[in-house]
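Numbers restart at 1 for each chain; the letters A, B, ... are given by sequence-line order, proteins then strands.
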There are 2 protein chains.
Amino acid sequence: MPNIDPTQDRPDPEPKTLVEGAYQQLRRDIIAGVLAPGQKLRVEHLKDRYNVGAGTLREALLLLVTDTLVVTQGQRGFNVAPISIEDFKDITQTRVLLETEALRQSISLGGEDWEAAVVAAFHRLSRAEQRLNKEEDMLSDEWEMRNRIFHEALIAASPSRTLRHFQQILYQQAERYRRLSLFKQPISRDVHAEHQALFDAALSRDASLAASILRDHILRTLNAIEHMPADFFTGAPAHLDSGQLVT
Amino acid sequence: MPNIDPTQDRPDPEPKTLVEGAYQQLRRDIIAGVLAPGQKLRVEHLKDRYNVGAGTLREALLLLVTDTLVVTQGQRGFNVAPISIEDFKDITQTRVLLETEALRQSISLGGEDWEAAVVAAFHRLSRAEQRLNKEEDMLSDEWEMRNRIFHEALIAASPSRTLRHFQQILYQQAERYRRLSLFKQPISRDVHAEHQALFDAALSRDASLAASILRDHILRTLNAIEHMPADFFTGAPAHLDSGQLVT
DNA sequence: ATCCATTAAAATCTCGAGAAAAGATATTGA
DNA sequence: TCAATATCTTTTCTCGAGATTTTAATGGAT
C-alpha cells in the first residue's frame with residue numbers, strides 16, 4: 001500500500017469520536033467562512049449536515065465556545081463568533097507577543113530533530129507556493145495547512161506547552177480573518193520571500209532577527225485589513241451569500 | 001432588601017444553564033483539590049454528586065477539557081489533568097509574560113473607573129488578609145476569590161480581551177498548584193506586603209515597577225514549590241485521601 | 001398609531017436508554 | 001507456570017423524545 005504518512009498534511013489528530021469529528025468539521029467551516037460570522041447555529045439543521053445526533057452536535061458546539069469561534073449566552077443557542085477590526089488587532093498583537101517569544105525559545109533550544117522538521121515543513125510549503133502562483137489562489141486548503149505546519153514547526157522546540165497551545169488558538173482565529181479578507185481584496189505580498197527570510201534566520205540561529213521578521217510577517221496582514229473599505233466587516237463574502245447552510 | 005451587590009465576591013457569572021452550573025462546580029472542585037490530579041472522572045458517579053443528567057455532566061466535562069483542567073483521549077473517558085513541576089514552571093513563566101504585559105497596558109490606559117475598581121478590590125483583599133493572620137489560613141475561599149478579583153482588576157483596563165482571557169486560564173491553573181502546595185508546607189511570605197507594593201506602583205502609574213513587582217510576586221510561588229520534597233507530586237493531599245468522591 | 005398583555009410557535013436544554021468500545025476475567029494450550 | 005485467546009463485565013459514547021425557555025404573533029387598550 002502506498003500509504004506513506006497520512007499525518008504529513010493533517011495537523012489535526014484523527015478524530016476518535018463523533019464529537020471530535022463534528023468539532024473539526026465545524027471548525028474548518030467556520031474558519032473557511034462557510035459559516036458566516038454572527039450566523040445562528042441551529043442544532044436541528046446542522047445535525048443533518050454533519051450526520052450526527054443532536055446531543056453530539058451540541059457537544060461539538062460547546063467545544064468551539066472555548067476556542068472562541070462560537071459564542072453562546074444562556075438559553076439563546078449558539079452563534080458563530082462575530083468579527084471586528086478591534087478583535088483582529090487584538091488577536092494579531094497578542095499573537096506577535098506569544099509567537100515571537102516561542103520562536104526565540106525554540107531557536108535557542110531546538111536540536112537536530114527540530115531543524116529537520118523545519119526544513120521539511122519549509123520545503124513542502126515552498127512547493128505549494130510554487131503551484132500557487134500559477135493556478136491556485138491563497139484560499140487553497142493545501143497551502144493553508146502547510147503554512148500552519150511550518151509556523152508550528154518553527155516553535156515546536158519551545159518547552160512551553162502553554163505557549164504552543166495559545167499559538168494554535170490565535171493562529172486559527174487569524175486564519176479566519178485572513179480568508180475573509182481575501183474575498184474582498186486579493187493580497188499583494190511576496191509571502192514566499194517572507195517565509196524564506198524567516199526560514200534562513202531560524203536555521204542560522206539568529207533569534208532576534210527571526211523574531212523581528214516574524215513580527216513583521218504577522219503584522220502585515222493586519223495592515224492589509226486596516227486599509228480595506230469600511231464595509232468590510234458588515235457585508236458577507238459574496239460567493240457565500242446563497243450558501244445552502246445559511247438558514 | 002439588603003441585597004447590595006451579589007457579584008462583589010463572585011467572579012463567575014450566575015450560571016444560566018445546568019451545564020454551566022456543573023462546569024463551575026466541577027472547576028472549583030478540581031482547583032481546590034477535591035478531585036485529585038489524574039483521578040478518573042466517571043460520569044455515572046459524578047452525575048449524582050452534582051445532581052444533573054449524564055449527558056449534561058458530559059458536556060460540562062468537555063468544557064473543562066479546553067481549560068486544560070481535564071484530559072480525555074479517544075473513548076477512554078475523562079481524567080483530572082495530571083500535575084508536574086515542569087507544567088507548573090511553564091504555567092508560571094507564561095503567566096509572567098502575559099500578565100505583566102497586560103498590566104503595563106492597563107496602567108497606561110486605565111481611567112478613573114479602573115482606579116476605583118482597583119482600590120475597591122485591594123481594600124477587600126486587605127480586609128481578608130487581616131482576618132487571615134488570626135484564624136483562617138490561605139486555603140480560605142474568600143481570600144482566594146478576592147485575590148483573584150484584585151489581579152483581574154489590575155489588568156482590567158488592558159484593551160486586549162485575548163490577554164485577559166488567557167490570564168484567567170493561567171490563573172486558575174496556578175491556583176490549583178498553589179493550593180496543592182499548601183497541603184504539604186505552609187508558606188512563609190508576607191503576601192500582603194507584596195500586594196501593597198503592587199497596588200502602590202499601579203496607582204502611581206509606574207508601569208515598569210509594577211510589572212517587576214508582579215513578576216517577582218508570581219515567581220515566588222514557583223520558587224516555593226521547586227524547593228519542596230521530591231515526593232510532592234506523587235503523594236495526594238493527606239486530608240483528602242479518604243474523600244467520598246474518590247472512587 | 002403605538003404600546004402592552006396574552007397566546008402560540010419554535011428552539012433550546014435536559015434526560016435516560018440503547019449501541020459501541022475498552023478493560024477484566026477465565027479458559028485453553030504449550 | 002506462563003502466554004495467548006476468547007468471553008464477559010464495565011464504562012463510555014450516541015441518540016431521540018420530553019420539559020423549559022425564548023421568540024414571534026395576535027388582539028385589545030390607551
Side-chain angles (χ1 to χ4, degrees), chain A residues 12-27 29-30 35-67 69-82 243-247, chain B residues 12-27 29-30 35-82 244-247:
Chain A
D12 289 322
E14 185 70 16
K16 284 302 173 197
T17 171
L18 286 188
V19 172
E20 281 181 52
Y23 164 71
Q24 290 179 13
Q25 286 185 55
L26 234 8
R27 188 178 56 186
D29 287 344
I30 290 174
L35 299 166
Q39 179 181 338
K40 191 120 192 36
L41 296 169
R42 287 196 195 78
V43 176
E44 284 302 312
H45 294 252
L46 263 45
K47 75 186 185 104
D48 301 325
R49 179 77 173 86
Y50 296 100
N51 294 311
V52 292
T56 304
L57 186 68
R58 235 187 96 76
E59 292 188 1
L61 250 11
L62 245 2
L63 244 19
L64 286 162
V65 169
T66 351
D67 284 345
L69 286 173
V70 165
V71 295
T72 176
Q73 38 174 339
Q75 333 232 76
R76 253 159 286 174
F78 301 90
N79 289 77
V80 178
Q244 66 271 32
L245 275 178
V246 183
T247 52
Chain B
D12 290 322
E14 186 71 16
K16 283 303 171 196
T17 169
L18 286 189
V19 172
E20 280 182 52
Y23 164 71
Q24 290 179 12
Q25 286 185 56
L26 234 8
R27 189 178 57 185
D29 287 345
I30 291 174
L35 298 166
Q39 178 181 338
K40 191 121 194 33
L41 295 170
R42 288 196 196 78
V43 176
E44 285 301 313
H45 294 254
L46 264 46
K47 77 188 184 100
D48 301 325
R49 179 77 173 86
Y50 296 101
N51 295 311
V52 293
T56 305
L57 187 67
R58 234 187 98 76
E59 292 188 0
L61 250 11
L62 244 4
L63 245 19
L64 286 162
V65 170
T66 351
D67 284 346
T68 64
L69 286 173
V70 165
V71 294
T72 177
Q73 36 174 337
Q75 334 232 71
R76 253 161 287 174
F78 301 90
N79 289 77
V80 178
Q244 65 270 33
L245 276 179
V246 183
T247 52

| task | Do nucleotides 19-25 of chain C as a string where each nucleotide becomes B, S or -: B if the base has a protein heavy atom under 4.0 Å, S if just the sugar-phosphate does, - if no protein is that close. | result | --SSS--
| request: Have a look at A:Leu41 and say if it touches a base, only the backbone sugar-phosphate, or nothing, with a 4.0 Å heavy-atom cut-off. | output: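 Answer is sugar-phosphate: A:Leu41 comes under 4.0 Å of backbone atoms only.
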List the atom pairs, with distances to 0.1 Å, where a side-chain N or O of residues 69-80 of chain B and a protein N or O form a donor-acceptor pair under 3.5 Å, not counting sequence neighbours.
| unit_1 | atom_1 | unit_2 | atom_2 | d |
| --- | --- | --- | --- | --- |
| B:Thr72 | OG1 | B:Gly77 | O | 3.1 |
| B:Asn79 | ND2 | B:Gly38 | O | 3.0 |

Interatomic distance, [X] atom [atom1] to [Y] atom [atom2] [nearest 0.5 angstrom]:
X: B:Gln24; Y: B:Asp29; atom1: CD; atom2: CG; answer: 12.0 Å
X: A:Leu26; Y: A:Leu63; atom1: CG; atom2: CG; answer: 10.0 Å
X: B:Lys40; Y: B:His45; atom1: NZ; atom2: NE2; answer: 10.0 Å

Figure out the [atom1]/[atom2] separation between [X] and [N], and round it to whole Å.
X: B:Glu20; N: C:dC13; atom1: CD; atom2: P; answer: 9 Å
X: A:Lys47; N: C:dC13; atom1: NZ; atom2: P; answer: 15 Å
X: B:Tyr50; N: C:dT14; atom1: OH; atom2: P; answer: 17 Å
X: B:Leu18; N: C:dT12; atom1: CG; atom2: P; answer: 17 Å

What I'd like to find out is whether the side chain of [X] reaches to under 4.5 Å of the side chain of [Y], using heavy atoms alone.
X: B:Leu41; Y: B:Leu57; value: no
X: A:Thr56; Y: A:Thr17; value: no
X: A:Leu62; Y: B:Thr66; value: no

| Terminal contacting nucleotides, 5' and 3', DNA chain D versus chain B (heavy atom, 4.0 Å) |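 That gives a stretch of D:dT11 to D:dT14.
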| said: Restricting to non-hydrogen atoms, name the atom on B:Ala60 and the atom on B:Val19 that form the minimum distance, rounded to 0.1 Å. | reply: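 The pair with the smallest heavy-atom distance is CB-O, 3.9 Å.
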